[in-house]
Amino acid sequence: SGAHRDQPSFPTRRSSDLTGVLVGEDKVMKLAEAYAAYAAEKKPALANLPTDMVEMMKLGQVGADAARALVEWIPADSDLLYDLKEEMILNPINPTKSIWIGRTFATHVKVGKLPDPECPHIFLKPSTSFCKPGEDVVIPNIDGKPYDKVTYGCELTAVIGSTAKYCTPENIMDHVAGWTISNDVTCRGVLYPKNKMFDKFAPFGPYIIPADQIEDTNAAELKFKVDGEWKQEGNTGVNTYWTMQTILANLTHHMTLNPGDVIALGDIGEPETIVAGQTMEAIIPQIGVLKNKTVNEKVETGICPGGAMGQ
(Lines give C-alpha, C1' and ligand atoms only; values in the text may rest on other atoms or scores of the structure.)
Protein backbone atom coordinates (compact mmCIF):
# COMPACT_ATOMS: atom_id res chain seq x y z
CA SER A 1 0.00 0.00 0.00
CA GLY A 2 1.40 3.39 -0.93
CA ALA A 3 0.69 6.99 -0.05
CA HIS A 4 -1.42 9.39 -2.05
CA ARG A 5 0.57 11.81 -4.19
CA ASP A 6 0.04 14.66 -1.71
CA GLN A 7 0.91 12.53 1.31
CA PRO A 8 4.57 11.46 1.19
CA SER A 9 5.93 8.33 2.78
CA PHE A 10 9.62 7.82 3.32
CA PRO A 11 11.24 4.51 2.37
CA THR A 12 14.95 3.94 1.75
CA ARG A 13 16.40 2.97 -1.62
CA ARG A 14 18.71 0.01 -2.07
CA SER A 15 21.43 1.39 -4.34
CA SER A 16 22.81 4.14 -2.13
CA ASP A 17 20.91 3.77 1.15
CA LEU A 18 19.46 7.24 0.61
CA THR A 19 16.17 8.61 1.82
CA GLY A 20 13.42 8.24 -0.76
CA VAL A 21 9.81 9.34 -1.10
CA LEU A 22 7.02 7.08 -2.28
CA VAL A 23 5.04 8.66 -5.13
CA GLY A 24 1.64 7.16 -5.87
CA GLU A 25 1.52 3.40 -5.45
CA ASP A 26 4.53 2.22 -7.43
CA LYS A 27 7.18 4.92 -7.80
CA VAL A 28 9.97 6.16 -5.53
CA MET A 29 12.33 9.09 -5.84
CA LYS A 30 15.61 9.94 -4.16
CA LEU A 31 14.61 12.81 -1.95
CA ALA A 32 17.74 14.99 -2.01
CA GLU A 33 18.32 14.51 -5.76
CA ALA A 34 14.75 15.35 -6.69
CA TYR A 35 14.55 18.27 -4.29
CA ALA A 36 17.67 19.81 -5.83
CA ALA A 37 15.88 19.92 -9.19
CA TYR A 38 12.74 21.30 -7.55
CA ALA A 39 14.68 23.98 -5.65
CA ALA A 40 16.49 25.11 -8.79
CA GLU A 41 13.13 25.79 -10.44
CA LYS A 42 10.94 26.94 -7.55
CA LYS A 43 13.47 28.65 -5.24
CA PRO A 44 11.77 27.52 -1.99
CA ALA A 45 12.78 28.87 1.41
CA LEU A 46 14.32 25.50 2.31
CA ALA A 47 17.35 25.22 0.03
CA ASN A 48 17.96 21.47 0.30
CA LEU A 49 16.88 18.27 2.03
CA PRO A 50 19.16 15.78 3.79
CA THR A 51 20.07 12.36 2.45
CA ASP A 52 19.90 10.77 5.91
CA MET A 53 16.53 9.80 7.40
CA VAL A 54 17.40 10.85 10.96
CA GLU A 55 18.32 14.30 9.68
CA MET A 56 15.06 14.36 7.73
CA MET A 57 13.10 13.54 10.89
CA LYS A 58 14.80 16.44 12.68
CA LEU A 59 13.15 18.81 10.20
CA GLY A 60 9.73 17.72 11.47
CA GLN A 61 6.80 19.56 9.86
CA VAL A 62 9.12 21.67 7.72
CA GLY A 63 10.55 18.54 6.14
CA ALA A 64 7.14 16.94 5.68
CA ASP A 65 5.77 20.05 3.99
CA ALA A 66 8.83 20.24 1.71
CA ALA A 67 8.33 16.60 0.70
CA ARG A 68 4.64 17.25 0.01
CA ALA A 69 5.52 20.17 -2.25
CA LEU A 70 8.01 17.98 -4.06
CA VAL A 71 5.51 15.16 -4.60
CA GLU A 72 2.97 17.64 -6.00
CA TRP A 73 5.58 19.18 -8.33
CA ILE A 74 7.32 16.18 -9.85
CA PRO A 75 6.02 15.19 -13.30
CA ALA A 76 4.67 11.65 -13.60
CA ASP A 77 7.17 10.89 -16.39
CA SER A 78 10.21 12.34 -14.58
CA ASP A 79 13.45 10.39 -14.87
CA LEU A 80 13.89 11.09 -11.15
CA LEU A 81 11.18 8.50 -10.44
CA TYR A 82 12.15 4.85 -10.07
CA ASP A 83 10.04 1.71 -10.21
CA LEU A 84 9.34 0.63 -6.64
CA LYS A 85 9.30 -3.03 -7.66
CA GLU A 86 12.91 -2.77 -8.78
CA GLU A 87 14.07 -1.35 -5.45
CA MET A 88 14.76 -3.22 -2.26
CA ILE A 89 13.08 -1.23 0.50
CA LEU A 90 15.26 -1.19 3.59
CA ASN A 91 14.15 -0.33 7.11
CA PRO A 92 13.11 3.30 6.69
CA ILE A 93 15.49 4.48 9.42
CA ASN A 94 18.49 3.22 11.35
CA PRO A 95 17.14 3.72 14.87
CA THR A 96 19.27 5.28 17.55
CA LYS A 97 17.14 3.34 20.07
CA SER A 98 14.54 0.64 19.43
CA ILE A 99 12.06 0.84 22.32
CA TRP A 100 9.06 -1.45 22.73
CA ILE A 101 6.09 -1.23 25.07
CA GLY A 102 4.51 -4.29 26.67
CA ARG A 103 1.06 -4.72 28.22
CA THR A 104 -0.53 -1.74 26.49
CA PHE A 105 -3.76 -3.62 25.77
CA ALA A 106 -5.99 -5.42 28.26
CA THR A 107 -6.60 -8.14 25.67
CA HIS A 108 -2.88 -8.90 25.62
CA VAL A 109 -2.64 -8.98 29.40
CA LYS A 110 -5.61 -11.34 29.75
CA VAL A 111 -4.24 -13.81 27.19
CA GLY A 112 -0.98 -13.98 29.14
CA LYS A 113 -2.86 -14.22 32.46
CA LEU A 114 -0.81 -11.28 33.70
CA PRO A 115 -1.72 -8.68 36.32
CA ASP A 116 -2.94 -5.29 35.16
CA PRO A 117 0.11 -3.02 34.77
CA GLU A 118 0.55 0.05 36.93
CA CYS A 119 2.66 1.78 34.27
CA PRO A 120 3.90 1.05 30.74
CA HIS A 121 6.36 -1.85 30.51
CA ILE A 122 9.50 -0.91 28.60
CA PHE A 123 11.99 -3.19 26.84
CA LEU A 124 14.56 -2.75 24.09
CA LYS A 125 15.44 -4.81 21.04
CA PRO A 126 19.04 -4.87 19.72
CA SER A 127 20.00 -3.84 16.20
CA THR A 128 20.57 -7.52 15.35
CA SER A 129 16.80 -7.96 15.76
CA PHE A 130 16.02 -5.50 12.95
CA CYS A 131 14.40 -7.12 9.93
CA LYS A 132 13.78 -5.33 6.64
CA PRO A 133 10.43 -5.29 4.84
CA GLY A 134 10.29 -8.46 2.75
CA GLU A 135 13.19 -10.06 4.61
CA ASP A 136 12.76 -13.47 6.24
CA VAL A 137 11.99 -13.66 9.95
CA VAL A 138 14.13 -16.48 11.35
CA ILE A 139 12.52 -18.94 13.77
CA PRO A 140 15.38 -19.80 16.14
CA ASN A 141 16.59 -23.22 17.13
CA ILE A 142 16.20 -23.62 20.88
CA ASP A 143 17.80 -26.70 22.40
CA GLY A 144 18.47 -28.12 18.96
CA LYS A 145 15.11 -27.68 17.19
CA PRO A 146 12.93 -24.89 15.75
CA TYR A 147 10.99 -23.22 18.53
CA ASP A 148 7.26 -23.96 18.29
CA LYS A 149 5.73 -21.02 20.18
CA VAL A 150 6.71 -18.01 18.04
CA THR A 151 4.05 -15.27 17.78
CA TYR A 152 3.55 -11.87 16.18
CA GLY A 153 1.88 -8.49 16.75
CA CYS A 154 1.20 -5.33 14.74
CA GLU A 155 2.28 -2.15 16.54
CA LEU A 156 1.92 1.54 15.75
CA THR A 157 5.45 2.92 16.01
CA ALA A 158 6.49 6.51 16.70
CA VAL A 159 9.61 8.02 15.14
CA ILE A 160 11.16 10.80 17.20
CA GLY A 161 12.25 14.01 15.47
CA SER A 162 13.52 16.18 18.34
CA THR A 163 15.00 15.57 21.78
CA ALA A 164 12.32 14.89 24.38
CA LYS A 165 12.71 14.80 28.18
CA TYR A 166 10.14 15.15 30.97
CA CYS A 167 7.28 15.67 28.56
CA THR A 168 3.55 15.62 29.19
CA PRO A 169 0.85 13.92 27.11
CA GLU A 170 -0.12 17.41 25.95
CA ASN A 171 3.26 18.31 24.43
CA ILE A 172 4.89 14.98 23.52
CA MET A 173 3.55 15.07 19.96
CA ASP A 174 5.72 18.13 19.32
CA HIS A 175 8.62 15.65 19.29
CA VAL A 176 7.10 12.93 17.07
CA ALA A 177 8.10 13.34 13.42
CA GLY A 178 6.42 10.32 11.93
CA TRP A 179 4.87 6.87 12.20
CA THR A 180 5.77 3.43 10.94
CA ILE A 181 4.74 -0.20 11.58
CA SER A 182 6.49 -2.81 13.73
CA ASN A 183 5.90 -6.54 14.19
CA ASP A 184 6.74 -7.78 17.69
CA VAL A 185 7.96 -11.32 17.01
CA THR A 186 8.27 -13.26 20.27
CA CYS A 187 9.22 -16.71 21.58
CA ARG A 188 6.43 -17.38 24.08
CA GLY A 189 7.60 -19.37 27.09
CA VAL A 190 11.18 -18.10 26.93
CA LEU A 191 12.25 -15.73 29.71
CA TYR A 192 11.07 -12.15 29.18
CA PRO A 193 12.50 -9.95 27.70
CA LYS A 194 15.14 -12.13 26.00
CA ASN A 195 12.25 -13.89 24.25
CA LYS A 196 11.92 -10.67 22.21
CA MET A 197 15.58 -10.24 21.29
CA PHE A 198 16.38 -12.99 18.81
CA ASP A 199 17.89 -12.10 15.43
CA LYS A 200 15.32 -10.74 12.94
CA PHE A 201 12.61 -10.46 15.63
CA ALA A 202 11.98 -6.74 15.01
CA PRO A 203 10.62 -6.17 11.50
CA PHE A 204 9.63 -2.54 10.92
CA GLY A 205 8.67 -0.35 7.99
CA PRO A 206 8.02 -0.28 5.12
CA TYR A 207 7.60 3.49 5.24
CA ILE A 208 7.54 6.41 7.63
CA ILE A 209 4.61 8.77 7.18
CA PRO A 210 4.65 12.33 8.59
CA ALA A 211 3.09 12.55 12.04
CA ASP A 212 0.12 14.61 10.89
CA GLN A 213 -1.07 11.89 8.49
CA ILE A 214 -2.64 10.01 11.41
CA GLU A 215 -5.23 12.46 12.72
CA ASP A 216 -6.08 10.46 15.85
CA THR A 217 -3.31 8.22 17.16
CA ASN A 218 -5.79 6.71 19.61
CA ALA A 219 -8.00 5.42 16.81
CA ALA A 220 -5.45 3.79 14.49
CA GLU A 221 -6.37 0.37 13.17
CA LEU A 222 -3.99 -2.51 13.93
CA LYS A 223 -4.48 -5.51 11.66
CA PHE A 224 -2.60 -8.73 11.00
CA LYS A 225 -2.79 -11.45 8.37
CA VAL A 226 -1.03 -14.81 8.18
CA ASP A 227 -1.08 -16.48 4.77
CA GLY A 228 -3.84 -14.09 3.72
CA GLU A 229 -6.12 -14.94 6.65
CA TRP A 230 -7.12 -12.28 9.15
CA LYS A 231 -5.68 -13.00 12.60
CA GLN A 232 -5.88 -9.67 14.42
CA GLU A 233 -8.12 -6.62 14.02
CA GLY A 234 -7.87 -3.98 16.70
CA ASN A 235 -7.55 -0.30 17.43
CA THR A 236 -5.15 1.83 19.47
CA GLY A 237 -8.09 3.29 21.39
CA VAL A 238 -9.83 0.08 22.42
CA ASN A 239 -8.93 -1.94 25.54
CA THR A 240 -5.83 0.17 26.19
CA TYR A 241 -4.59 1.15 29.63
CA TRP A 242 -3.18 4.49 28.41
CA THR A 243 -3.31 6.80 25.43
CA MET A 244 -0.42 6.67 22.99
CA GLN A 245 0.58 10.16 24.16
CA THR A 246 0.68 9.05 27.79
CA ILE A 247 2.94 6.11 26.93
CA LEU A 248 5.36 8.32 25.01
CA ALA A 249 5.40 11.00 27.71
CA ASN A 250 5.98 8.34 30.37
CA LEU A 251 9.07 7.17 28.49
CA THR A 252 10.62 10.63 28.66
CA HIS A 253 10.61 10.45 32.46
CA HIS A 254 12.79 7.32 32.28
CA MET A 255 15.13 8.21 29.41
CA THR A 256 15.85 10.96 26.93
CA LEU A 257 14.29 10.36 23.53
CA ASN A 258 16.53 11.47 20.67
CA PRO A 259 15.93 12.06 16.97
CA GLY A 260 15.87 8.69 15.25
CA ASP A 261 14.52 6.73 18.21
CA VAL A 262 11.60 4.44 17.37
CA ILE A 263 8.97 3.37 19.91
CA ALA A 264 6.64 0.46 19.18
CA LEU A 265 3.54 1.14 21.25
CA GLY A 266 2.12 -2.34 21.82
CA ASP A 267 -0.13 -4.88 20.10
CA ILE A 268 -3.60 -6.16 20.89
CA GLY A 269 -2.44 -9.68 21.75
CA GLU A 270 -4.34 -12.90 21.05
CA PRO A 271 -1.80 -14.12 18.45
CA GLU A 272 -1.49 -17.64 17.15
CA THR A 273 1.84 -19.37 16.66
CA ILE A 274 3.65 -19.27 13.34
CA VAL A 275 5.89 -21.81 11.64
CA ALA A 276 8.40 -21.71 8.80
CA GLY A 277 6.99 -21.03 5.35
CA GLN A 278 4.23 -18.65 6.42
CA THR A 279 3.73 -15.04 5.33
CA MET A 280 2.98 -12.35 7.91
CA GLU A 281 1.38 -8.99 7.09
CA ALA A 282 1.22 -6.26 9.74
CA ILE A 283 -1.19 -3.60 8.49
CA ILE A 284 -1.97 -0.04 9.54
CA PRO A 285 -4.08 1.41 6.72
CA GLN A 286 -2.69 4.95 6.88
CA ILE A 287 0.87 3.62 6.62
CA GLY A 288 0.81 0.45 4.55
CA VAL A 289 1.67 -3.23 4.87
CA LEU A 290 4.78 -4.69 6.52
CA LYS A 291 5.24 -8.11 4.95
CA ASN A 292 7.70 -10.84 6.00
CA LYS A 293 7.98 -14.58 5.49
CA THR A 294 9.24 -17.05 8.09
CA VAL A 295 12.07 -19.57 7.80
CA ASN A 296 13.72 -21.95 10.23
CA GLU A 297 17.20 -21.20 11.44
CA LYS A 298 19.66 -23.28 9.42
CA VAL A 299 22.42 -23.51 12.02
CA GLU A 300 22.66 -26.62 14.20
CA THR A 301 22.77 -24.99 17.61
CA GLY A 302 22.69 -27.87 20.07
CA ILE A 303 21.73 -27.26 23.69
CA CYS A 304 21.95 -23.72 25.02
CA PRO A 305 24.60 -23.45 27.78
CA GLY A 306 23.03 -22.34 31.03
CA GLY A 307 19.51 -23.08 29.77
CA ALA A 308 17.49 -21.37 27.06
CA MET A 309 14.06 -21.04 28.59
CA GLY A 310 14.65 -19.29 31.92
CA GLN A 311 12.33 -19.20 34.88
Residue pairs passing the salt bridge (Lys or Arg N to Asp or Glu O under 4.0 Å) test where at least one lies in residues 272-293, sequence neighbours excluded: Lys231-Glu272
Which atoms form the tightest heavy-atom contact between Phe105 and Asn235, and what is the distance? CE2-O, 3.2 Å
Can you check whether Asp227 reaches Thr279 side chain to side chain, under 4.5 Å on heavy atoms? yes
Of the non-hydrogen atoms in Thr240 and Met244, which two are nearest, and what is the gap between them? CG2-CE, 4.4 Å
Which residues pass the ring-ring contact (aromatic ring centres under 6.0 Å, His included) test with His254, not counting sequence neighbours? none
Going by side-chain contact (heavy atoms from CB on, under 4.5 Å), name the residues that satisfy it together with Pro169, two or more places apart in sequence or in a different chain. Gln245, Thr246, Ala249
Do Ile122 and Ile247 belong to the same hydrophobic cluster, where Ile, Leu, Val, Met, Phe, Trp and Tyr are linked whenever their side-chain heavy atoms lie under 4.5 Å apart, directly or via other members? yes
List the steps, then state whether side-chain contact (heavy atoms from CB on, under 4.5 Å) holds for Asn94 with Val54. CA-CA 8 Å; Asn94 292 318; Val54 174; 5.9 Å; no
What pairs of residues pass the ring pair (Phe, Tyr, Trp, His ring centres under 6.0 Å) test when at least one of them lies in residues 131-154, not counting sequence neighbours? Tyr152-Phe224
Establish whether Met53 and Val62 are linked, either directly or via other cluster members, by ILVMFWY side-chain heavy-atom contacts under 4.5 Å. yes
Please report the interatomic distance CG(Leu84) to CD1(Ile89), rounded to the nearest 0.5 Å. 5.0 Å
If every non-hydrogen atom of Lys125 is compared with every non-hydrogen atom of Phe130, which pair is closest and at what distance? O-CE2, 4.3 Å
Sequence neighbours left out, what passes side chain to side chain donor-acceptor pair (under 3.5 Å) with Lys58? Give chain and number order. Glu55
So, for Thr104 and Gly266, which heavy atoms are closest and what is the spacing to 0.1 Å? OG1-CA, 3.8 Å
Do Leu124 and Leu251 belong together in a cluster built from hydrophobic side chains that touch within less than 4.5 Å? yes
Find the distance between OG1 (Thr128) and CG (Asp199) and round it off to the nearest 0.5 Å. 5.0 Å
Let me check something: do Ile142 and Val138 share a hydrophobic cluster, defined by ILVMFWY side-chain heavy atoms less than 4.5 Å apart, either directly or through other members? no
How about NZ on Lys200, more than 12 heavy atoms from neighbouring residues, nucleotides or ligands closer than 6.0 Å, or not? yes
With sequence neighbours excluded, residues passing side-chain contact (heavy atoms from CB on, under 4.5 Å) with Thr168: Glu170, Asn171
If you link ILVMFWY side chains whenever their heavy atoms are less than 4.5 Å apart, which other residues fall into the same cluster as Trp100? By chain and number, please. Phe123, Tyr192
Can you confirm whether more than 12 heavy atoms, excluding those of Lys165, are under 6.0 Å from its NZ atom? yes
Between CD on residue Glu270 and OG1 on residue Thr107, distance to nearest 0.5 Å: 5.0 Å
Could you report the tightest heavy-atom contact between Ala158 and Leu248, atom names first, then the distance? CB-CD2, 4.0 Å
Taking the side chain as every heavy atom from C-beta outward, state whether Cys187 and Pro140 have any atom pair closer than 4.5 Å. yes
I'd like to check the ring-ring contact (aromatic ring centres under 6.0 Å, His included) partners of Phe201; sequence neighbours left out, ordered by chain and number. Phe198
For Pro146 and Asn296, work out which heavy atoms get closest and say how close. CB-OD1, 3.5 Å
Can you confirm whether Pro50 sits close enough to Met57 that some side-chain heavy atom of one is under 4.5 Å from a side-chain heavy atom of the other? no
Suppose the criterion is ring pair (Phe, Tyr, Trp, His ring centres under 6.0 Å): which pairs have a residue in residues 261-292, not counting sequence neighbours? none
Would you list the pairs meeting side chain to side chain donor-acceptor pair (under 3.5 Å) in which at least one residue belongs to residues 34-47, sequence neighbours left out? Glu41-Trp73
Should Val159 and Thr180 count as side-chain neighbours, where that means a heavy-atom distance under 4.5 Å? yes
Which residues pass the side chain to side chain donor-acceptor pair (under 3.5 Å) test with Ser162, sequence neighbours left out? His175
Salt-bridged, Asp184 to Lys196, with N to O below 4.0 Å? yes
So do Thr236 and Thr217 actually touch side chain to side chain, heavy atoms under 4.5 Å? no
Answer yes or no: is there a side-chain heavy-atom contact under 4.5 Å between Ile214 and Ile287? yes
For residues 246-261, pull every pair meeting salt bridge (Lys or Arg N to Asp or Glu O under 4.0 Å), keeping only residues two or more places apart or in separate chains. Lys97-Asp261
When you check the side-chain N and O atoms of Lys149 and Thr273, is any donor under 3.5 Å from an acceptor? no
Hydrophobic cluster membership, with links at side-chain heavy-atom distances under 4.5 Å among I/L/V/M/F/W/Y: are Trp242 and Val238 in one? no
